[in-house]
Amino acid sequence: MKKRVEIMQKTEKTNNNRHQEDVSLRSLKIVIAVFIIFLVILCGLLVRTYFALKKERLVNIRELSLSMFIIKHGPLTAADVGMIRSWMTFDYVNRAFGLPPDFLKTTFGIADPGYPKLTLSRYATEGGFNQAEFMNLIQAAVAHYLAAPH
């Protein structure tokens, strides 16, 4: 009988130890799962930020290269109207080609309060214009102004 009691006590201790190990293992798994979820969220934010910065950098590189061209060569001429891009603002086009500040506003009847800080693509979209056709109209207007004697 004594042996039986001893065996049962040993079995109970073993079961208690296993239970404690199971609880510890379960807690460790939960902590690891939380860290993995946190890591996935951080990776997602990193990728999102990377693409946002990449997009911003591309626009800045275009602006910088055109700005450097203008600094070296002075205002652009009628022959350079093909350099006008939809990401440019009206103000940027005015400065790049040496246009009067309200030339494009008057020519196109722009009433948007965002002028001249409005991008060409945004104005074309909001105005219901086909973007390619609008870009051609802008280029033609700028070329016509620059070709005319002042």
Working to the nearest 0.5 Å, report the span between [atom1] of [X] and [atom2] of [Y].
X: E133; Y: Q131; atom1: CD; atom2: CD; result: 11.5 Å
X: E126; Y: S121; atom1: CD; atom2: OG; result: 9.5 Å
X: S86; Y: R122; atom1: OG; atom2: CZ; result: 14.0 Å
X: L42; Y: I37; atom1: CG; atom2: CD1; result: 12.0 Å
X: L120; Y: T125; atom1: CG; atom2: OG1; result: 10.5 Å
X: D91; Y: L99; atom1: CG; atom2: CG; result: 10.5 Å

Q | Closest non-hydrogen atom pair, A141 against F103 | A | O-CZ, 3.6 Å
Q.
Would T119 and M88 count as a side-chain contact (heavy atoms from CB on, under 4.5 Å) here? Give the steps.
A. CA-CA 5 Å; T119 63; M88 295 178 175; over 6 Å; no
Q | Side-chain hydrophobic cluster, 4.5 Å single linkage: members besides L46 | A |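 L46 clusters with nothing; isolated.
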Q: Not counting sequence neighbours, which residues clear ring pair (Phe, Tyr, Trp, His ring centres under 6.0 Å) with F134? List them please.
A: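 So F134 forms a ring pair (Phe, Tyr, Trp, His ring centres under 6.0 Å) with F108, Y123, F129.
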Q | Exam field: side chain D102 to backbone K105, donor-acceptor pair closer than 3.5 Å | A |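 Answer holds: no.
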**Q.** Main-chain N/O of P101 paired with N94 side-chain donor or acceptor, under 3.5 Å
**A.**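 Here the side-chain-to-backbone pair exists.
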Are side-chain heavy atoms of [X] and [Y] found at a separation under 4.5 Å?
X: I138; Y: F90; answer: yes
X: T89; Y: Y115; answer: no
X: F97; Y: D80; answer: yes

Q: List in chain and number order the residues that pass salt bridge (Lys or Arg N to Asp or Glu O under 4.0 Å) with D112, two or more places apart in sequence or in another chain; answer none if no residue qualifies.
A: none
